[in-house]
Undergrad: 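Let me give you the structure first, and then I'll get to my questions.
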Amino acid sequence: MERKETTVPQPQEREEKITGKKAAVAMASSDAKPKSISRAKKWSEEIENLYRFQQAGYRDEIEYKQVKQVSVVDRWPETGYVKKLQRRDNTFYYYNKQRECEDKEVHKVKIYAY
């Protein structure tokens with residue numbers, strides 16, 4: 001009898017691959033729902049972009065991409081902030097290069113965890 005050697009990936013490597021696929025599937029599927037919600041406490045660049053998506057009627061970038069079937073969101077090259085979003089009624093929101101989410105508005109921003 002001949003013995004064939006087969007390479008079996010380590011469990012840790014396998015988990016990374018599965019997790020990566022699950023994340024891609026969750027982002028691509030139309031029924032990806034958040035598991036928890038929290039409110040923003042302090043301004044950051046992430047909060048700024050979430051503020052812009054929520055102002056246009058979306059939870060976050062994931063939902064925007066699912067609804068509008070786009071792969072890339074228009075962003076300002078200098079700051080990385082969202083530049084333009086299309087609402088569900090097909091009107092456009094245009095945003096400035098500078099910060100638009102004032103300190104008094106930060107607590108209104110919802111942070112969704114998937």
Side-chain angles (χ1 to χ4, degrees):
M1 269 196 217
E2 285 186 27
R3 210 170 167 194
K4 292 184 180 178
E5 288 186 31
T6 57
T7 308
V8 178
Q10 297 297 324
Q12 189 177 22
E13 291 175 9
R14 187 177 294 171
E15 286 177 26
E16 290 175 4
K17 290 177 184 174
I18 291 171
T19 307
K21 287 180 185 176
K22 281 185 181 178
V25 170
M27 290 175 68
S29 70
S30 61
D31 59 348
K33 294 189 174 28
K35 293 187 177 170
S36 66
I37 302 170
S38 60
R39 295 273 183 177
K41 305 271 190 272
K42 187 178 175 185
W43 184 89
S44 69
E45 292 182 0
E46 178 188 6
I47 299 303
E48 179 67 35
N49 282 326
L50 284 173
Y51 174 79
R52 294 173 186 220
F53 281 109
Q54 290 171 17
Q55 206 175 26
Y58 302 95
R59 286 190 304 250
D60 50 23
E61 186 173 354
I62 295 170
E63 184 183 37
Y64 180 77
K65 287 180 176 181
Q66 288 172 352
V67 172
K68 289 299 172 186
Q69 300 294 311
V70 295
S71 58
V72 179
V73 177
D74 290 338
R75 295 183 183 273
W76 289 105
E78 299 89 355
T79 60
Y81 298 151
V82 174
K83 182 177 184 178
K84 176 181 76 173
L85 293 174
Q86 188 175 11
R87 291 184 357 180
R88 294 174 195 261
D89 63 359
N90 293 327
T91 57
F92 285 91
Y93 274 6
Y94 295 92
Y95 298 100
N96 294 326
K97 292 179 192 175
Q98 300 88 10
R99 173 181 173 176
E100 291 195 11
C101 181
E102 298 178 20
D103 285 333
K104 65 181 182 182
E105 302 288 321
V106 169
H107 73 281
K108 295 179 182 178
V109 177
K110 295 176 183 175
I111 305 167
Y112 294 90
Y114 293 88

Undergrad: Check side chain to side chain donor-acceptor pair (under 3.5 Å) between R87 and all other residues, then give those that pass, not counting sequence neighbours.
TA: D89, T91, Y93
Undergrad: Determine whether Y112 and Y58 fall in the same hydrophobic cluster, where Ile, Leu, Val, Met, Phe, Trp and Tyr are linked whenever their side-chain heavy atoms lie under 4.5 Å apart.
TA: no
Undergrad: What's the shortest heavy-atom distance between K97 and Y81, and which atoms?
TA: O-CD1, 3.2 Å
Undergrad: Given Y51 and V106, is the side-chain contact (heavy atoms from CB on, under 4.5 Å) satisfied, shown in steps?
TA: CA-CA 8 Å; Y51 174 79; V106 169; over 6 Å; no
Undergrad: Between N90 and Q86, is a side-chain hydrogen bond (donor to acceptor under 3.5 Å, both in side chains) present by the stated rule, with each step listed?
TA: CA-CA 6 Å; N90 293 327; Q86 188 175 11; 3.1 Å; yes
Undergrad: Would you mind checking if D74 and K84 are paired as a salt bridge, meaning a charged N to carboxylate O distance below 4.0 Å?
TA: yes
Undergrad: Are the side chains of Y114 and R59 in contact, using a 4.5 Å heavy-atom criterion?
TA: yes
Undergrad: Please report the interatomic distance CD(E45) to CZ(R99), rounded to the nearest 0.5 Å.
TA: 11.0 Å
Undergrad: Using a 4.5 Å cut-off on heavy atoms from C-beta on, say whether the side chain of V82 contacts that of E61.
TA: no
Undergrad: Work out which heavy atom in V109 is nearest to a heavy atom in C101; give both atom names and the distance.
TA: CG2-SG, 4.3 Å
Undergrad: Please list every donor-acceptor pair under 3.5 Å in which a side-chain atom of residues 34-42 meets a protein atom from a residue at least two apart or in another chain.
TA:
{"unit_1": "R39", "atom_1": "NH1", "unit_2": "K108", "atom_2": "O", "d": "3.0"}

Undergrad: Working note: L85 + Q55, criterion side-chain contact (heavy atoms from CB on, under 4.5 Å); need CA distance, chi angles, decisive distance, verdict.
TA: CA-CA 10 Å; L85 293 174; Q55 206 175 26; over 6 Å; no
Undergrad: To the nearest 0.5 angstrom, please state how far the CD atom of Q98 sits from the OG1 atom of T79.
TA: 8.0 Å
Undergrad: Are any non-hydrogen side-chain atoms of E46 and L50 less than 4.5 angstrom apart?
TA: yes
Undergrad: With rounding to the nearest 0.5 angstrom, report the CD1 to CG distance, I111 to D60.
TA: 11.0 Å
Undergrad: Quick one: does E100's side chain have a donor or acceptor within less than 3.5 Å of a partner on E48's backbone?
TA: no
Undergrad: Could you tell me the separation between the CD atom of Q54 and the NZ atom of K110, rounded to the nearest 0.5 Å?
TA: 7.0 Å
Undergrad: Does E102 reach the side chain of W43, with side-chain heavy atoms less than 4.5 Å apart?
TA: no
Undergrad: I need the minimum non-hydrogen distance between W76 and N96, along with the two atoms involved.
TA: NE1-O, 3.2 Å
Undergrad: Check R88 with E63, please: is the shortest side-chain N to carboxylate O separation under 4.0 Å?
TA: yes
Undergrad: Considering only Ile, Leu, Val, Met, Phe, Trp and Tyr, and joining two whenever side-chain heavy atoms are under 4.5 Å apart, list the other residues clustered with F92.
TA: Y94
